[in-house]
Amino acid sequence: MKELSLHILDIVENSINAGATRVKISIKEESKRNLMTITIADNGKGMDEDTLKKVVDPFFTTRTTRRVGLGIPLFAQAAKMAGGDLKITSKIGMGTKVEATFIKNHIDLQPLGNMADTLVTLCALYPHVEFIYEHSVDDKIFIFDTGEVKKRLKDVPINHPLVLEFIKDYVDSNLKSILEV
């Protein structure tokens, strides 16, 4: 994968496959520490200690459709190549948290990619899941919560094409405002 947003999409899909109904995606960019942290936390079924130790192995997967599971190993590799690391914590019945750190000015840091498109894709494919997206750049912060959007929409589905178009524009414009120097 060439962009971090694709890694995020893959990890979130893992969460949903693990039964998550709520997924929080957090991106924290800190200029003073020259650090970017991406955290994906869910309320899925969680993993036991044995499974947790195996998830970074590309030849381990719980899927029955193929013998490899590359999502977590590739995300870990992307973090390590950019001077960071990846940590996973999980508890059965409580969910899983994946946290990757990256040195912001590292030459091998992959571009973040288009988070608006990533969120639109998730809303379109998984309208039953609540997504919370929090992106901060130093002291500027943007929070997008599909639970709040659904309350305002009432009977209109969040994956209606006009709603998805609104979400893309809303996320794009807010991200631009916090990413401006």
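Quick note: residue numbers are just sequence positions, from 1.
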- What orientation do Tyr126 and His128 show, parallel under 30°, tilted 30 to 60°, or perpendicular over 60°? perpendicular
- Among side-chain atoms of Thr101 and Asp85, is any donor-acceptor pair under 3.5 angstrom? no
- Heavy-atom side-chain contact between Thr118 and Leu122 under 4.5 Å: yes
- Residue pairs meeting ring-ring contact (aromatic ring centres under 6.0 Å, His included), one or both in residues 73-113, sequence neighbours left out, come to His7-Phe75
- Run the side-chain contact (heavy atoms from CB on, under 4.5 Å) check on Val23 and Ile132 step by step: do they pass? CA-CA 6 Å; Val23 180; Ile132 300 166; over 6 Å; no
- Query: If you round to the nearest 0.5 Å, how far is NZ of Lys140 from OG of Ser177?
  - Reply: 7.5 Å
- Query: Is there a side-chain contact between Lys2 and Gln110 (heavy atoms, below 4.5 Å)?
  - Reply: no
- Message: Walk me through whether Glu3 and Asn114 qualify under side-chain contact (heavy atoms from CB on, under 4.5 Å).
- Response: CA-CA 9 Å; Glu3 296 179 344; Asn114 191 324; 5.6 Å; no
- Message: Do Ile167 and Val156 sit in one hydrophobic cluster, given that two such residues count as connected whenever their side-chain heavy atoms are within less than 4.5 Å of each other, even indirectly?
- Response: yes
- Query: Closest heavy-atom contact between Ala82 and Leu109?
  - Reply: CB-CA, 3.8 Å
- Message: Can you tell me how far apart CD1 (Ile92) and CG (Asp48) are? Round to the nearest 0.5 Å.
- Response: 5.0 Å
- Please confirm whether the backbone N or O of Glu13 pairs with a side-chain atom of Asn17, one donor and one acceptor, at under 3.5 Å? yes
- Can you tell me if Ser5 and Asp117 form a side-chain donor-acceptor pair at under 3.5 Å? no
- After noting the C-alpha distance and the side-chain angles of Ile178 and Asn174, does the key distance pass the side-chain contact (heavy atoms from CB on, under 4.5 Å) rule? CA-CA 7 Å; Ile178 67 166; Asn174 280 283; over 6 Å; no
- Task: May I ask you to decide if Leu125's main-chain N or O and Asn159's side chain share a donor-acceptor pair within less than 3.5 Å?
- Result: no
- Kindly compute the distance separating OG1 (Thr89) from CE (Met47), expressed to the nearest 0.5 Å. 8.5 Å
- Task: Report yes if some heavy atom in the side chain of Asp145 is under 4.5 Å from a heavy atom in the side chain of Glu130; otherwise report no.
- Result: yes
- Query: Hey, does the side chain of Lys150 reach the backbone of Pro127 with a donor-acceptor pair shorter than 3.5 angstrom?
  - Reply: yes
- Item | Non-hydrogen side-chain atoms of Ile72 and Asn14 separated by less than 4.5 Å | yes
- Message: Are Val149 and Ile143 linked, directly or through intermediate hydrophobic residues, by side-chain heavy-atom contacts shorter than 4.5 Å (ILVMFWY only)?
- Response: no
- Output all residues satisfying side-chain hydrogen bond (donor to acceptor under 3.5 Å, both in side chains) with Asp172, sequence neighbours left out; order by chain, then residue number. Lys168
- Query: Backbone N or O of Gly95 within a donor-acceptor pair of the Asp42 side chain at under 3.5 Å?
  - Reply: no
- Please assess Glu99 against Thr37 for the test side-chain contact (heavy atoms from CB on, under 4.5 Å), listing each intermediate value before the final yes or no. CA-CA 7 Å; Glu99 183 178 283; Thr37 305; 3.6 Å; yes
- Query: With side chains defined as the heavy atoms from C-beta onward, is the minimum distance between His160 and Leu153 less than 4.5 Å?
  - Reply: no
- Query: Do Ile25 and Thr39 come within less than 4.5 Å of each other through their side chains, counting heavy atoms only?
  - Reply: no
- Note on the structure: Taking every heavy atom of Leu164 against every heavy atom of Cys123, the minimum-distance pair comes out as CD2-CB, 3.8 Å
- Report the relative orientation of the aromatic rings in Tyr133 and His135; use parallel for angles under 30°, tilted for 30 to 60°, perpendicular for over 60°. perpendicular
- Item | Test item: Thr21 side-chain N/O and Val129 main-chain N/O as donor-acceptor pair under 3.5 Å | no
- Query: Taking atom CG of Leu74 and atom CG of Leu86, what is their separation to the nearest 0.5 Å?
  - Reply: 11.5 Å
- Item | Approximate separation, where rounding is to 0.5 Å, of Leu4 CG and Met115 CE | 9.5 Å
- Message: Return the NZ to OG distance between Lys104 and Ser31, rounded to the nearest 0.5 Å.
- Response: 4.5 Å
- Item | Met36-Ile141 co-clustered via ILVMFWY side chain contacts under 4.5 Å | no
- Are Leu35 and Leu112 linked, directly or through other ILVMFWY residues, by side chains that come within less than 4.5 angstrom of each other? no
- Query: According to a 4.5 Å side-chain heavy-atom criterion applied to Ile, Leu, Val, Met, Phe, Trp and Tyr, with indirect links allowed, do Val98 and Met81 form part of one hydrophobic cluster?
  - Reply: no
- Could you tell me whether a side-chain N or O of Lys45 sits under 3.5 Å from a main-chain N or O of Ala20, the two making a donor and an acceptor? no
- Query: When Ser136 is tested against each of Glu29, Glu30, Lys28 for side-chain contact (heavy atoms from CB on, under 4.5 Å), which residue passes?
  - Reply: Lys28
- Just wondering, do Ser15 and Thr96 contact through their side chains at under 4.5 Å, heavy atoms? no
- Query: Is there side-chain contact between Val12 and Phe131, with heavy atoms separated by less than 4.5 Å?
  - Reply: yes
